[in-house]
Amino acid sequence: MNDYLIRNNRPERIDMRSYERQGIDLVPTVHLGPAASEMERRGEETILGTLNRDIVKFNSVRKHLRKALAELKEWIEEIKKILSELKEEKEPTIADILIDYLNSRQETHSGKSRYYYNKDLAVDLKQVSKTLVFLQEHNITSADSLWEMIEEVSEIQSRIDTAEEKIKELKKGIKFHGDYVKFKPVAEEYSKKKFGRDKFKTEHSKELNSFYRAKRWIDEDPKSTTKSLKAELEKLQTEKAADVTLIESNYGSLEELKRAKYIISVVMANVKAAEQNQPQTEKQNIKTQNQNIE
């Protein structure tokens, strides 16, 4: 298939390896099977099909969330660096910065007709008011408190990632315990055979391999049981579900934080330019900041 794509100058490539072997940090979808696939093609929803759609949605949310968090962290570090370089002893609050932003916008609109001046200023005021309400609701008054919120969301995401890895291991352990019990009679029969061992081993190679693989895992953790693993799995899944809900409920908040980032970045760029006696127009600032926001 890849040879066909290469011959037709297509950039796509097919990789049959699992996400884990490819090093891709995504939750894999489950195999539907012919019956479920046929039902989905007819437009009938199935449990596995719904699960796959939820997995795709979760992967998309997590991908965008991680990207947004990385951008916000990088921006916070830049803001902290700017603030540390300012000569003023007192760090301006975010409320002060928002007011400075409105003042700069007033200057930008000053050459317009009264109608467009009032219209554009009203839009600015609405956006700043919305941002200010959001920041106040989350008790964000400075770059440090904004950083703390981002750290909190990052910590939740880290818990989800850790839980996912542990859940995979627990499911693997539960399967090994099941294989051990299921194929133990085959292994015992094989060990008792005095004649025809090679033939028996060939005929039951799959069962024997599964048994010995399970036995090696259990020997490494002899205290584990199917019951204890399932209890831990249920606990982790509950905790993960709560964290995922928490992330989803705050995901929209990141969009507001992006808006706050833009406003504050414009003002801080003006402040830094003033310190260097190199005035910048808001238009120049917007062009620079949009490269990081979009």
Side-chain angles (χ1 to χ4, degrees), residues 1-8 10-66 160-190 200-218 224-245 247-248 251:
M1 180 60 75
N2 283 333
D3 291 339
Y4 173 81
L5 294 172
I6 293 172
R7 287 197 303 271
N8 287 273
R10 297 295 303 174
E12 300 88 351
R13 295 294 182 269
I14 296 175
D15 195 330
M16 301 302 293
R17 296 176 299 167
S18 65
Y19 283 159
E20 185 176 2
R21 290 181 59 196
Q22 294 181 59
I24 299 176
D25 188 17
L26 291 174
V27 178
T29 54
V30 298
H31 179 65
L32 290 180
S37 296
E38 179 60 28
M39 291 175 67
E40 289 285 338
R41 278 194 293 269
R42 294 200 303 264
E44 301 177 23
E45 290 191 1
T46 63
I47 294 176
L48 293 179
T50 300
L51 175 60
N52 279 343
R53 284 185 285 274
D54 289 340
I55 289 173
V56 170
K57 180 181 177 183
F58 173 76
N59 283 335
S60 176
V61 170
R62 187 169 66 169
K63 178 181 177 181
H64 287 87
L65 177 62
R66 284 178 175 169
I160 292 174
D161 293 340
T162 301
E164 286 177 350
E165 291 300 318
K166 184 62 177 176
I167 286 171
K168 284 194 294 187
E169 288 301 313
L170 289 171
K171 287 181 177 180
K172 187 187 297 183
I174 292 170
K175 183 181 185 302
F176 282 144
H177 273 276
D179 287 349
Y180 181 85
V181 174
K182 182 178 180 180
F183 301 120
K184 185 177 180 180
V186 179
E188 289 178 342
E189 184 178 352
Y190 172 68
F200 185 90
K201 182 179 180 180
T202 301
E203 292 175 347
H204 300 277
S205 60
K206 184 176 180 181
E207 296 95 320
L208 290 171
N209 288 335
S210 296
F211 172 79
Y212 291 121
R213 187 162 52 244
K215 187 176 184 302
R216 284 194 298 271
W217 190 93
I218 293 173
S224 69
T225 64
T226 302
K227 183 178 179 180
S228 66
L229 293 177
K230 285 184 176 180
E232 188 176 356
L233 176 63
E234 184 178 356
K235 179 175 178 291
L236 271 176
Q237 287 176 329
T238 300
E239 292 174 352
K240 175 193 166 185
D243 280 337
V244 168
T245 300
I247 285 288
E248 289 176 348
Y251 188 68

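None of these values were measured; they are calculated from a predicted model.
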Side chain to side chain contact (heavy atoms under 4.5 Å, CB included) between D161 and E164, intermediate numbers included: CA-CA 5 Å; D161 293 340; E164 286 177 350; 4.2 Å; yes
Pairs where residues 207-216 contributes a residue and the test salt bridge (charged side-chain N to carboxylate O under 4.0 Å, His left out) is met, not counting sequence neighbours: K215-D219
In this structure, CD of E169 is separated from NZ of K172 (nearest 0.5 Å) by 4.5 Å
Set of residues satisfying ring-ring contact (aromatic ring centres under 6.0 Å, His included) with respect to F183, sequence neighbours excluded: none
For K235, enumerate each residue passing the side-chain contact (heavy atoms from CB on, under 4.5 Å) test, keeping only those at least two apart in sequence or located in another chain. E239
With sequence neighbours left out, the residues meeting side-chain hydrogen bond (donor to acceptor under 3.5 Å, both in side chains) with K171 are none
Can you name the residues that form a side-chain contact (heavy atoms from CB on, under 4.5 Å) with E203, not counting sequence neighbours? K199
Run the side-chain contact (heavy atoms from CB on, under 4.5 Å) test against T50 and tell me which residues pass, sequence neighbours left out. E45, R53, D54
Is there a side-chain contact between T162 and E165 (heavy atoms, below 4.5 Å)? no
Using every non-hydrogen atom in the two residues, find where G33 and S37 come nearest and quote the distance to one decimal. O-OG, 2.7 Å
Residues in side-chain hydrogen bond (donor to acceptor under 3.5 Å, both in side chains) contact with E38, at least two apart in sequence or another chain: R41
For K175, enumerate each residue passing the salt bridge (Lys or Arg N to Asp or Glu O under 4.0 Å) test, keeping only those at least two apart in sequence or located in another chain. D179
Smallest separation among heavy atoms of A187 and Y212, with atom names: CB-OH, 4.4 Å
Is E234 atom CD crowded by more than 12 heavy atoms from other residues, nucleotides or ligands, each under 6.0 Å away? no
Supply the atom-to-atom distance T226 OG1 to I218 CD1, rounded to the nearest 0.5 angstrom. 7.5 Å
Gap between atom CD of E188 and atom CZ of F211 - 0.5 Å precision: 7.0 Å
How long is the straight-line distance from OG of S210 back to OH of Y180, given to the nearest 0.5 Å? 14.0 Å
Inter-residue atom distance L233.CG - T238.OG1, 0.5 Å rounding: 9.0 Å
Sequence neighbours excluded, the answer for side-chain hydrogen bond (donor to acceptor under 3.5 Å, both in side chains) partners of T225 is S228
Partners passing salt bridge (Lys or Arg N to Asp or Glu O under 4.0 Å) against K166 (at least two apart in sequence or in another chain): E232
The ring-ring contact (aromatic ring centres under 6.0 Å, His included) partners of Y190 (sequence neighbours excluded) come to none
Among all residues two or more places apart in sequence or in another chain, which pass the side-chain contact (heavy atoms from CB on, under 4.5 Å) test with L229? L170, I174, H177, W217, S224
